[in-house]
Asker: 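This is the structure, below, for whatever I ask next.
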Amino acid sequence: MLSIDERVELLMRGTEYGDSGLGSAMREELRERLIESDRTGVPLRVYCGYDPTSSDLHLGHTISMRKLKQFQDLGNEVYFLIGSFTSLIGDPSGKDKARPLVSKEEVFENGRTYAEQAFRVLDRAKTKVVYNSDWLEKVTLEEIFHIATHFTAQQILARDNFARRMESGEPIHLHEFFYPLSQGYDAHHLEADVQVGGNDQLYNIVTASRKVMEAYGQKPNIGILMPLLPGTDGVQKMSKSLGNTIPIHTNAEDMYGKVMSIPDATMPLYATLTTEWSNRELAAFETGLETGSLHPRDAKMQLAYEITRLFYGDAEASAAQDQFVATFQKGDIPDEMPEYMLEGDETILDILVANAMAGSKSQARRLIDQQGVKLDGVTVTDAWQRVENGGVLQAGKRHFLRIKKAN
RNA sequence: GGAUGGUUACCCAAGUGGCCAACGGGGUCUGACUGUAAAUCAGAUGGCAGAAGCCUUCGGAGGUUCGAAUCCUUCACCAUCCA
């Protein structure tokens with residue numbers, strides 16, 4: 001068993017508060033709560049909420065999940081909360097616009113897949129999956145009033161995203177005010193000792209949740225705030241709506257390739273947040289990059305391998321790596337690719353469309369015009385060319401199709 | 001309840017009778033260059049059509065006109081401000 005100090009160090013690793021006072025206050029509370037837990041033998045109750053507004057979890061979500069895993073490995077009780085109620089409101093955090101509302105059916109469908117995907121990181125047997133609609137749906141208006149008396153409009157409007165919207169005349173809907181209160185209610189209901197989340201959750205986790213818990217006479221939860229992971233563009237936060245995600249639910253090749261597509265400057269952040277490298281390995285990685293002793297390409301390959309390995313294991317990760325080297329570094333064709341049986345005398349144009357390598361015939365023509373289509377390595381110039389004897393058709397850099405002749 | 005503004009392609013946004021398949025930006029795609037990327041440069045970006053050309057699109061429906069994203073009528077939705 002790790003000492004208290006070691007545990008605090010581990011659990012606070014990678015956190016980001018944007019305010020050193022808050023960070024050290026949280027660290028101190030965590031230490032006290034761990035000591036208390038040791039004394040009483042009651043594990044800490046730790047949770048993180050996920051709003052299932054889209055169907056897939058991505059690498060950004062795994063940051064908080066890895067943190068939950070650390071708590072879990074230390075014997076604490078972990079709740080994976082699915083925001084089946086709160087996602088109907090839409091978290092205004094970090095948003096300059098109100099979120100579009102999602103339907104209830106969608107939310108539950110997504111919630112199910114979330115939990116499944118989460119077990120790629122978390123220990124299934126030790127994780128409790130809960131849905132906040134189970135209790136939030138039953139909260140009475142009276143109770144809402146009771147909670148709301150602890151909040152002021154000024155306080156909420158002072159949050160910079162609301163302030164910006166006030167400034168620019170963007171609408172602020174009243175229901176958005178209730179998001180932080182609902183999240184606070186979750187913490188209260190779960191009697192949470194610790195709540196993990198992205199640092200855009202500062203208000204929800206630290207201010208709102210603690211306020212609500214205090215209103216109920218509970219010990220306020222400790223916030224463990226993690227930085228947000230930028231997407232594959234390296235700039236904006238990873239988010240499905242921006243299309244810059246690395247989904248968990250994919251395959252090893254895709255994951256490896258997507259990690260390889262992040263900009264160089266983003267590598268250290270990814271290494272810190274999404275790998276299980278020790279502090280020492282991490283330091284070696286970073287100094288290697290700084291001093292130039294580690295080639296950025298090789299560094300990124302290490303990173304891509306490590307991230308892929310965590311989800312798919314060594315065998316698949318190294319297969320993905322081999323394939324990546326072959327296709328992108330050597331320009332070979334990959335070993336595996338979809339196949340297509342010739343039916344008659346289809347033209348290349350037809351085949352491209354039939355196999356979704358182009359969205360329409362017009363698109364396929366453009367692709368050919370732009371010299372983006374190759375048959376067995378030879379650039380196709382004639383859209384009406386036939387593929388008599390089969391071969392490998394390539395569209396762009398990464399889409400391949402093995403065409404076979406029917407017998 | 002009153003006043004005003006708005007609804008244009010994946011997103012933002014220009015266009016206020018013909019030169020509009022619709023400026024510009026973002027995104028995306030392709031090519032070049034690379035270290036795989038990023039950055040940069042070039043091109044493309046509704047559909048059908050081997051060229052010409054045709055068809056569909058500017059919130060919905062109807063109308064005026066030789067001709068409408070642009071004018072009129074009407075419906076729907078959204079927002080801001082003042083009560």
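Just so it is clear: chains get the letters A, B, ... in the order the sequence lines come, proteins before strands, and each one is counted from 1.
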Asker: What do you reckon, are the aromatic ring centroids of A:His173 and A:Tyr179 less than 6.0 Å apart?
Answerer: no
Asker: For B:C58, which nucleotide in any strand shown is its Watson-Crick or wobble partner with both distances under 3.5 Å?
Answerer: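 Check on B:C58: unpaired, no WC or wobble geometry under 3.5 Å.
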Asker: Using Watson-Crick or G-U wobble geometry with both distances under 3.5 Å, which nucleotide pairs with B:C20?
Answerer: none
Asker: Please state whether the phosphate of B:G47, meaning OP1 or OP2, lies under 4.0 angstrom from any side-chain nitrogen or oxygen of A:Arg366.
Answerer: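 Answer yes for this pair, as a side-chain N or O of A:Arg366 is under 4.0 Å from OP1 or OP2.
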Asker: Rounded to whole angstrom, note down the C1' distance from B:A83 over to B:U8.
Answerer: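 The same atom, C1', in both gives a distance of 34 Å.
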Asker: If you measure from the P atom in B:G47 to the same atom in B:U57, how many Å do you get, rounded?
Answerer: 15 Å
Asker: Closer than 4.0 angstrom, basic N to acidic O: yes or no for A:Arg365 and A:Asp369?
Answerer: no
Asker: Suppose we call two aromatic rings close when their centres sit under 6.0 Å apart. Are A:His188 and A:Tyr185 close by that rule?
Answerer: yes
Asker: If we call it a pair only when both distances are under 3.5 Å in a Watson-Crick or G-U wobble match, what pairs with B:A42?
Answerer: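 Pair assignment: B:A42 / B:U30.
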Asker: What integer number of Å spans the P atoms of B:A68 and B:G18?
Answerer: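 Rounded to whole Å, the distance is 11 Å.
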Asker: What do you reckon, is NE2 of A:His189 surrounded by more than 12 foreign heavy atoms closer than 6.0 Å?
Answerer: yes
Asker: Please determine, for the side chain of A:Pro171, which listed nucleotide (B:U80, B:A49, B:G47) has the closest atom?
Answerer: B:U80
Asker: When you compare B:G60 with B:U40, how far apart are their P atoms, in angstrom units rounded to a whole number?
Answerer: 38 Å
Asker: Take the protein atom CD of A:Gln363 and the nucleotide atom P of B:G46, then report the distance between them rounded to whole Å.
Answerer: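 So the CD-P distance, A:Gln363 to B:G46, works out to 9 Å.
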Asker: Let me know, please, whether A:His399 or A:Arg365 comes out on the 5' side of the other along RNA chain B by nearest nucleotide.
Answerer: A:His399
Asker: Which one is paired to B:U80, where only Watson-Crick or G-U wobble pairs with both distances under 3.5 angstrom count?
Answerer: B:A3
Asker: When rounded to the nearest Å, what value does the distance between P atoms of B:C58 and B:C71 take?
Answerer: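 The answer is 15 Å between these two P atoms.
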Asker: Testing the 3.5 Å rule here: is there a donor-acceptor pair between the side chains of A:Asn110 and A:Thr113?
Answerer: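 Their side chains do not contain a donor-acceptor pair, so the 3.5 Å distance test is not met.
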Asker: Taking atom P in both B:U64 and B:U70, what distance in whole Å separates the two?
Answerer: 15 Å
Asker: Just name whichever nucleotide pairs with B:C71, Watson-Crick or G-U, keeping both distances under 3.5 Å, else none.
Answerer: B:G63
Asker: In whole Å, what separates the P atom of B:G67 from that of B:A32?
Answerer: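 The answer is 49 Å between these two P atoms.
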Asker: With heavy atoms under 4.0 Å as the rule, sort A:Asp382 into base, sugar-phosphate or nothing.
Answerer: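 Base contact.
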Asker: Between B:C82 and B:G15, how far is it from one C1' atom to the other, in whole Å?
Answerer: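 One C1' to the other, the span is 32 Å.
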Asker: Please report whether the ring centroid of A:Tyr50 lies less than 6.0 Å from that of A:Tyr114.
Answerer: no
Asker: Could you state the atom-to-atom distance from CZ of A:Arg398 to P of B:U28 in whole Å?
Answerer: 12 Å
Asker: Spell out protein contact along nucleotides 31-42 of chain B as letters: B when the base is contacted, S when just the sugar-phosphate is, - when no protein heavy atom is under 4.0 Å; keep the 5' to 3' order.
Answerer: S---BBB-----
Asker: Quickly work out the A:Ile368 CD1 to B:U45 P distance and round it to whole Å.
Answerer: 15 Å
Asker: Starting at atom CD of A:Gln385, determine the distance to atom C1' of B:G50, rounded to an integer number of angstrom.
Answerer: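 Rounded to whole Å, this separation is 14 Å.
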Asker: Does a side chain donor of either A:Gln70 or A:Lys67 reach within less than 3.5 Å of an acceptor in the other side chain?
Answerer: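 Short answer, yes.
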Asker: When the distance from CG of A:Asp369 to P of B:G50 is rounded to whole Å, what number comes out?
Answerer: 13 Å
Asker: A:Leu352 has an atom CG; how far is it from atom P of B:C29, in whole Å?
Answerer: 16 Å
Asker: Do you see a donor-acceptor pair shorter than 3.5 Å between the side chains of A:Gln323 and A:Tyr256?
Answerer: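 A:Gln323 vs A:Tyr256: no donor-acceptor pair found between side chains.
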